[in-house]
Student: 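Okay, handing you the structure first.
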Amino acid sequence: MNKIFIFGLNEQRKKVLEFLHKQEIMEVSDFDGEEAGYSKQETVKTISQFDSYIASASRAIAILDEYFPEKKGLFSKRVHLDESKYDMTKDEINFVNKHIQQIIHAKKTITDNENSIGKINLKQSQITPLLSLDIPLNFQGTFTTSAKLGALEHEWTNEQIIQKLEESQIEEYYFEIINTTKQQTYVWFIYPKDNKEEFENFFRNIGFTEPGFSLSHRTCQKKYQKLEEDKQGIIKENERLKNEIKGYLQYKNEIELFYDHLTMRKEKYEALSHLGITENTFVITGYIPKKNSEALKKEITSRFDAEIVFEEPLPDEAPIAFSNNAFASPVEGITSDYSLPSSDDIDPNPIMSFFYYLFFGMMFSDAGYGLLLMIVCGILGYSNILEKHKRRSYKMFFMCGVSTTFWGIMYGSFFGDMINTIASVFLNSSFTFDPVLLNPTDKPLELMIISVAFGMVHILTAMCIKFYMLWRKGNKTDAICDIGFWITALVGISIFAAGMGLGISPLNTTGKVLMIIGFAGLLVTGGRKGKNIISKIFGGILSLYDITSYIGDALSYSRLMALGLATGVIASVINILGSLGGNGPIGIIVFVLISVIGHSMNFAINCLGAYVHTNRLQYVEFFQKFYEGGGRKFKPFAMNTKYFNFSKE
């Protein structure tokens with residue numbers, strides 16, 4: 001990265017910002033120039049207004065999608081627009097904003113109406129048990145009598161109520177059970193006004209409660225009918241409002257453009273808040289990749305009355321952006337998900353990418369699955385079906401597919417043993433697809449040795465990077481004593497193990513010598529930072545204990561064998577199940593169905609497993625040996641639109 005300063009005239013400030021916005025290659029940072037007489041423009045209120053308008057536009061789009069969802073393809077792209085659409089006129093803004101407010105208002109009215117319908121439904125459910133009552137709900141009685149409507153808990157019969165009345169020594173009364181369920185019983189009482197006190201005591205004793213809703217002057221039937229008429233009227237109103245919203249579908253593109261336009265204006269005002277401004281001039285500062293620096297300087301100085309100055313940023317000051325070739329760049333997202341490198345780190349992607357593809361292929365390990373992965377991800381990653389920023393992951397899986405195909409050939413696996421099964425069951429042939437290297441099911445121990453060997457290479461590579469980083473920083477003693485001797489010892493162990501396995505005596509001797517040198521160096525220098533002779537001696541001895549950690553790390557690579565074996569075995573089992581139907585027409589149909597379903601599931605499960613465990617090997621076994629991380633991501637001043645693409649892609 002270069003630190004960049006752009007000096008120009010205020011009258012060209014807007015055009016310079018818009019030009020930088022469209023170039024999408026510079027991160028704008030805060031300029032601190034108060035001592036030099038520079039001030040800053042206050043943009044908080046304007047940005048707040050933009051946020052409000054953006055929220056309204058988003059709400060309007062969500063409303064249109066709610067009622068009239070638009071079917072989008074699985075790999076839909078933003079619509080590309082010419083630069084002439086980069087700006088909107090004031091009339092266009094007012095026109096679109098008017099429709100946005102109308103959509104939101106219509107939705108609010110619909111929501112309020114739906115709440116009213118809910119209240120009406122509640123009222124209807126409350127009076128439904130009372131529909132057989134043919135007098136007004138709020139009837140209080142006559143000149144000499146009182147009437148009361150209420151409910152009792154649980155199910156009551158006439159006999160039970162009469163019994164309770166007799167127990168209370170009440171003789172003059174009339175009641176009707178209006179409705180009864182297991183939960184409650186509605187009862188209507190009429191009694192002499194002179195007996196009001198004894199009836200109130202009676203009601204309390206039996207748990208008689210009045211309805212929890214307001215009583216109407218209408219009968220239940222008429223009240224229910226009136227509520228239903230009101231509800232139907234509201235439903236018709238909502239239908240009208242929905243049709244009104246549907247009419248705004250023709251303006252959806254304009255609303256989406258309005259949303260993106262405001263987003264871009266907000267971005268420009270956020271950038272504007274970082275500028276240093278005097279009465280006649282401005283200064284923009286930020287960071288730009290070195291590869292883009294001279295080209296941008298040439299463009300700006302030729303278009304505007306401006307001057308550009310570049311500086312080397314301070315350590316850990318500049319943001320981080322990767323710059324790799326087509327082989328390594330697809331895995332940059334894997335590294336970014338872990339952590340961006342610090343100024344002391346190297347870019348691990350060129351080295352990590354090789355091991356990433358290698359290990360993924362060893363774990364997925366089927367040529368048929370690899371070809372499918374290559375075809376699908378190759379089309380999506382290297383064509384224009386997707387936008388550029390969405391292609392990287394597919395490019396990564398394409399590379400993984402190449403590795404998977406290679407290891408499938410090495411292991412003799414093409415959808416498991418499908419070729420062998422088809423040849424023997426359906427073609428009555430002895431043709432076989434033989435492995436070039438080994439068959440994992442026949443030689444699992446050999447495969448485990450190969451896996452651990454690759455793991456040791458992976459670990460030693462990480463340690464060599466750590467050695468280089470320490471040496472580059474000037475910590476040469478630490479590089480030799482803490483890393484160099486361990487590399488020597490581990491290389492010696494590896495050569496010694498290879499010599500034993502292959503039966504080559506010179507390798508045994510060489511391995512022993514390297515082990516002795518490595519462990520002796522660790523024993524002598526491991527406690528060099530101790531404060532006294534005892535701590536120095538014990539420090540050296542204790543440093544040898546780390547061998548258990550390295551052995552454990554190496555053995556963790558046995559997952560390369562385990563997952564590779566699982567993929568092939570499960571695929572072969574699927575083929576066996578498919579072939580059980582015989583070689584007739586029905587057997588062919590059964591084989592095809594079981595193969596499609598079974599291999600699809602095996603593909604999905606083991607592809608996910610290979611992805612997860614490959615990441616784990618990079619994050620835990622590789623990065624932790626040398627990688628510090630903690631860098632800040634480069635965020636260029638760019639058009640981060642949602643619906644339309646204005647970039648020159």
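Start at 1 with the first residue, then count along the sequence.
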Student: Between Y619 and Q624, which heavy-atom pair has the shortest distance, and what is it?
Tutor: O-CG, 3.4 Å
Student: I'd like to know if the side chain of S413 reaches the main chain of G408, judged simply by a donor and an acceptor atom lying under 3.5 Å from each other, with no hydrogens or angles considered.
Tutor: no
Student: Hydrogens and angles aside, do N349 and T335 bring a side-chain donor and acceptor to less than 3.5 Å of each other?
Tutor: yes
Student: Under the side chain to side chain contact (heavy atoms under 4.5 Å, CB included) rule, what do K395 and C377 come out as? Steps first, then yes or no, please.
Tutor: CA-CA 6 Å; K395 291 179 181 180; C377 294; over 6 Å; no
Student: Taking atom CG of L502 and atom CD1 of I495, what is their separation to the nearest 0.5 Å?
Tutor: 12.0 Å
Student: Could you tell me if D366 and Y411 have a donor-acceptor pair between their side chains, going purely by distance under 3.5 Å?
Tutor: no
Student: Can we call the ring centroids of F622 and H458 under 6.0 Å apart?
Tutor: yes
Student: Hey, does the side chain of H274 reach the backbone of S29 with a donor-acceptor pair shorter than 3.5 angstrom?
Tutor: no
Student: For the pair T432 and N420, evaluate side chain to side chain donor-acceptor pair (under 3.5 Å) and give the outcome as yes or no after the intermediate values.
Tutor: CA-CA 5 Å; T432 57; N420 302 356; 5.0 Å; no
Student: Atom NZ of residue position K635 - does it have more than 12 heavy atoms of other residues, nucleotides or ligands inside 6.0 Å?
Tutor: no
Student: Scan side-chain atoms only and decide if E267 and H21 contain a donor-acceptor pair under the 3.5 Å cut-off.
Tutor: yes
Student: With side chains defined as the heavy atoms from C-beta onward, is the minimum distance between M264 and T641 less than 4.5 Å?
Tutor: yes
Student: Can you list the steps and then say if L490 with I547 is a side chain to side chain contact (heavy atoms under 4.5 Å, CB included)?
Tutor: CA-CA 9 Å; L490 293 175; I547 188 64; 4.2 Å; yes
Student: Without hydrogens or angle criteria, can the side chains of N2 and E311 be said to hold a donor-acceptor pair below 3.5 Å?
Tutor: no
Student: Could you go through I422 and F591, starting from their C-alpha distance and side-chain angles, then the distance that decides it, and tell me whether this counts as side chain to side chain contact (heavy atoms under 4.5 Å, CB included)?
Tutor: CA-CA 9 Å; I422 292 175; F591 183 81; 4.0 Å; yes
Student: Testing the basics here: between F623 and P348, what is the closest heavy-atom pair and its distance to 0.1 Å?
Tutor: CE2-CB, 3.7 Å
Student: In sequence, state the C-alpha distance, the side-chain angles, and the governing distance for T510 and F496, and then conclude on side chain to side chain contact (heavy atoms under 4.5 Å, CB included).
Tutor: CA-CA 7 Å; T510 303; F496 180 76; over 6 Å; no
Student: Do T405 and F414 touch side chain to side chain, with heavy atoms closer than 4.5 Å?
Tutor: no
Student: Do other residues, nucleotides or ligands put more than 12 heavy atoms under 6.0 Å from the CZ atom of F327?
Tutor: yes
Student: So do the side chains of L523 and F519 get within less than 4.5 Å of each other, counting heavy atoms only?
Tutor: no
Student: Quick one: do the D344 and S342 side chains pair a donor with an acceptor below 3.5 Å?
Tutor: no
Student: Are there over 12 heavy-atom neighbours, none belonging to K298, within less than 6.0 Å of that residue's NZ?
Tutor: no
Student: For residues I25 and I288, report the shortest heavy-atom separation together with the two atoms involved.
Tutor: O-CG1, 3.5 Å
Student: Considering residues, nucleotides and ligands other than N428, do more than 12 of their heavy atoms fall under 6.0 Å from its CG?
Tutor: no
Student: I need the I6 CD1 to I300 CD1 distance, nearest 0.5 Å.
Tutor: 4.0 Å
Student: Please name all residues satisfying side chain to side chain contact (heavy atoms under 4.5 Å, CB included) with R632, sequence neighbours left out, ordered by chain then number.
Tutor: E27, Y287, P319
Student: Is there a side-chain contact between Y356 and C400 in this structure, where contact means two heavy atoms from C-beta onward sitting under 4.5 Å apart?
Tutor: yes
Student: Scan for salt bridge (Lys or Arg N to Asp or Glu O under 4.0 Å) pairs involving residues 572-589, sequence neighbours excluded, and state none if there are none.
Tutor: none
Student: Is a side-chain donor or acceptor of N325 paired with a backbone partner of A328 at a separation under 3.5 angstrom?
Tutor: yes
Student: Would you call E307 and K297 a salt bridge, taking side-chain N to carboxylate O under 4.0 Å as the test?
Tutor: no
Student: Please report the interatomic distance CG(L358) to CZ(F406), rounded to the nearest 0.5 Å.
Tutor: 8.5 Å
Student: Does F354 reach the side chain of I351, with side-chain heavy atoms less than 4.5 Å apart?
Tutor: no
Student: Do N602 and Y369 have a side chain donor and acceptor closer than 3.5 Å?
Tutor: yes
Student: Are side-chain heavy atoms of K3 and E312 found at a separation under 4.5 Å?
Tutor: no
Student: Can D553 and K625 be said to form a salt bridge (Lys or Arg N to Asp or Glu O under 4.0 Å), step by step?
Tutor: CA-CA 11 Å; D553 291 344; K625 299 290 188 299; 3.1 Å; yes
Student: State, with a plain yes or no, whether a side-chain heavy atom of M418 is found less than 4.5 Å away from one of S595.
Tutor: yes
Student: To the nearest 0.5 Å, what is the distance between CG (N292) and CE (M1)?
Tutor: 8.5 Å
Student: Strictly under 6.0 Å, is that where the ring centroids of Y557 and F359 end up?
Tutor: yes
Student: Tell me if the centroids of the rings in F355 and F454 come within less than 6.0 Å of each other.
Tutor: no
Student: Look only at the side chain of S403 and the backbone of Y357, and say whether a donor-acceptor pair between them is shorter than 3.5 Å.
Tutor: yes
Student: Tell me the closest heavy-atom pair linking T404 and S365, and the distance in Å.
Tutor: CG2-N, 3.7 Å
Student: Taking all atoms of both residues into account, what is the closest heavy-atom pair of M456 and A554, and its distance?
Tutor: CE-CB, 3.9 Å
Student: How far apart are the C-alpha atoms of Y611 and F397, what are their side-chain angles, what is the distance that settles it, and do they pass the ring-ring contact (aromatic ring centres under 6.0 Å, His included) test?
Tutor: CA-CA 9 Å; Y611 172 74; F397 282 110; 5.8 Å; yes
Student: So, the side chain of D260 versus the backbone of Y643: is there a donor-acceptor pair under 3.5 Å, distance only?
Tutor: yes
Student: Drop me the distance from D478's CG to K466's NZ, to the nearest 0.5 angstrom.
Tutor: 9.0 Å
Student: Between R78 and E387, is the closest basic N to carboxylate O distance under 4.0 Å?
Tutor: yes
Student: Taking E317 for its side chain and L314 for its backbone only, find out whether a donor-acceptor pair lies under 3.5 Å.
Tutor: yes
Student: What do you reckon, is CD1 of I586 surrounded by more than 12 foreign heavy atoms closer than 6.0 Å?
Tutor: no
Student: Counting N and O atoms only, with roles assigned by atom type, does the side chain of K77 sit under 3.5 Å from a partner on the main chain of N384, one being a donor and the other an acceptor?
Tutor: yes
Student: Where do E628 and D345 come nearest, in terms of heavy atoms and distance?
Tutor: N-OD1, 3.1 Å
Student: May I ask you to check whether F364 and W407 place their ring centres under 6.0 Å from each other?
Tutor: no
Student: Could you check if a side-chain atom of F626 sits within less than 4.5 angstrom of a side-chain atom of M469, using non-hydrogen atoms only?
Tutor: yes
Student: Kindly compute the distance separating CE (M410) from CG (N439), expressed to the nearest 0.5 Å.
Tutor: 13.0 Å
